[in-house]
Amino acid sequence: MIDPDVITETVIRLWNAIPQELRDWSKSEVLNFIEKHAPNFFNFCKNKLSAFWARITNREVKSNVDTATANVLSLNNDIPDDVKKTLFERITGSEYLPDLNLKTQRLTEIVQTDEEKKAAAMQMAYIIAVFGKINQKQEAMISEYMTSLKISEELTKDIKNELQEAEKEFAKFAEKLRSLDEEFKRISTETQKAKKEANDIIDLI
């Protein structure tokens, strides 16, 4: 079966590609940048998920996966709720309705086919990749979720290939973030310089 750490390790690699100063979703400049430049990566995730779920007719599977992935996202207190809701719904096409009473183990009975398991695994991967850093509670829930899917070795290889493709796509987004980070630093330096010059002038008066 797939190692649950495959998802978390991928997310950590993606998260580490983001400059330290741009890992705060509450900063207005970061949110503005996300709105402007991130849609390419978000749309990549959204289109992939849409293609996976289009092949699945069992609505109960999608409903339970939506709730389970929303639950994991809800455990991240560093992200504003409106951001969680907006991006979750944009990526999954479903309402953001966490329900922590859902027992993840039930997925073993509900998610049966390889197509369903792949869609379920990749939805978790994309959601977590988009939102970045995960805490210990989320890590434990992701592990339980992935274990409950009982994914075969053959399907594991397919999922790893999908994750590698996502990493390549994310690299483009991370590069833009690095450029933004350099711009922030330049502006900050210029602002500090201007303040110093203004203070020097005041001191001379």
Side-chain angles (χ1 to χ4, degrees), residues 1-15 17 38-76 79 84-98 102 104-134 138-174:
M1 292 193 304
I2 192 171
D3 182 349
D5 290 340
V6 166
I7 300 293
T8 52
E9 286 171 1
T10 299
V11 172
I12 289 168
R13 279 199 301 276
L14 297 183
W15 185 249
N40 285 344
F41 180 60
F42 293 162
N43 287 336
F44 167 84
C45 297
K46 177 182 176 180
N47 293 338
K48 281 284 189 176
L49 281 181
S50 180
F52 293 145
W53 288 115
R55 296 192 287 268
I56 296 165
T57 57
N58 188 341
R59 293 295 89 193
E60 186 184 8
V61 172
K62 174 65 168 154
S63 175
N64 278 267
V65 167
D66 285 339
T67 302
T69 49
N71 285 348
V72 169
L73 181 55
S74 74
L75 295 176
N76 190 327
I79 303 171
K84 292 179 191 175
K85 176 178 168 59
T86 299
L87 296 184
F88 180 89
E89 294 180 356
R90 187 185 301 174
I91 294 164
T92 66
S94 303
E95 280 190 82
Y96 176 62
L97 296 171
L102 174 79
T104 305
Q105 296 89 334
R106 283 191 63 227
L107 292 173
T108 301
E109 305 161 13
I110 298 167
V111 184
Q112 296 288 322
T113 70
D114 276 359
E115 290 283 5
E116 292 168 353
K117 291 177 180 182
K118 182 177 179 179
M122 295 313 301
Q123 176 154 317
M124 179 64 79
Y126 290 140
I127 286 294
I128 298 303
V130 163
F131 286 94
K133 188 178 180 182
I134 51 180
Q138 287 177 297
E139 208 167 323
M141 192 177 283
I142 292 167
S143 181
E144 185 180 272
Y145 175 90
M146 295 302 294
T147 300
S148 71
L149 293 179
K150 297 188 180 301
I151 294 172
S152 67
E153 286 294 334
E154 188 176 341
L155 188 55
T156 295
K157 185 177 178 182
D158 195 14
I159 288 170
K160 285 180 177 177
N161 288 337
E162 292 284 353
L163 287 171
Q164 287 173 355
E165 190 179 346
E167 285 189 68
K168 289 176 184 175
E169 188 65 28
F170 187 86
K172 301 173 192 174
F173 175 46

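These numbers come from a predicted model, not from an experiment. In this chain, residues are counted from 1 in sequence order.
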Undergrad: Only counting residues at least two apart or in another chain, list the ones meeting side-chain contact (heavy atoms from CB on, under 4.5 Å) with Thr113.
TA: Glu115, Glu116
Undergrad: Give a yes or no on this: more than 12 heavy atoms of other residues, nucleotides or ligands lie within 6.0 Å of atom CD of Gln112.
TA: yes
Undergrad: Salt bridge (Lys or Arg N to Asp or Glu O under 4.0 Å): which pairs involve residues 61-71, sequence neighbours left out?
TA: Lys62-Asp66
Undergrad: Could you tell me which non-hydrogen atom of Ile79 sits nearest to which non-hydrogen atom of Lys84, and how far apart they are?
TA: O-CE, 3.1 Å
Undergrad: Do any N or O atoms from the side chain of Gln138 and from the backbone of Val72 form a donor-acceptor pair under 3.5 angstrom?
TA: yes
Undergrad: Give a yes or no answer on whether the side chain of Thr147 reaches the backbone of Ser143 with a donor-acceptor pair at less than 3.5 Å.
TA: yes
Undergrad: Hey, what do you get for CG (Leu107) to CG (Leu102), rounding to the nearest 0.5 Å?
TA: 6.5 Å
Undergrad: Looking at every heavy atom in both Val111 and Val61, which two are closest together, and how far apart are they?
TA: CG2-CG1, 4.0 Å
Undergrad: If you take all heavy atoms of Val65 and Ala120, which pair is closest and at what distance?
TA: CG2-CB, 3.6 Å
Undergrad: Do you know the tightest heavy-atom contact between Tyr126 and Cys45?
TA: CD2-SG, 3.7 Å
Undergrad: Kindly compute the distance separating CD (Glu60) from CZ (Arg106), expressed to the nearest 0.5 Å.
TA: 6.0 Å
Undergrad: Going through the distances and angles, do Phe44 and Lys48 end up as a side-chain contact (heavy atoms from CB on, under 4.5 Å)?
TA: CA-CA 6 Å; Phe44 167 84; Lys48 281 284 189 176; 3.9 Å; yes
Undergrad: Calculate, to the nearest 0.5 Å, the distance between atoms CD and CG belonging to Glu165 and Leu163 respectively.
TA: 10.0 Å
Undergrad: Rounded to the nearest 0.5 Å, how far does OG1 of Thr108 lie from NZ of Lys150?
TA: 5.0 Å
Undergrad: Work out which heavy atom in Gln123 is nearest to a heavy atom in Leu49; give both atom names and the distance.
TA: CA-CD2, 3.4 Å
Undergrad: Hey, what do you get for CD1 (Ile142) to CD1 (Ile127), rounding to the nearest 0.5 Å?
TA: 11.0 Å
Undergrad: One pair to check against side-chain contact (heavy atoms from CB on, under 4.5 Å): Ile151 and Ile159. What are the steps and the verdict?
TA: CA-CA 10 Å; Ile151 294 172; Ile159 288 170; 3.7 Å; yes
Undergrad: Which pair of non-hydrogen atoms, one from Ala121 and one from Tyr145, has the smallest distance, and what is that distance?
TA: N-OH, 4.4 Å
Undergrad: To the nearest 0.5 Å, what is the distance between CE on Met141 and CD1 on Ile128?
TA: 10.0 Å
Undergrad: Quick one: ring pair (Phe, Tyr, Trp, His ring centres under 6.0 Å) partners of Tyr96, sequence neighbours excluded?
TA: Phe88
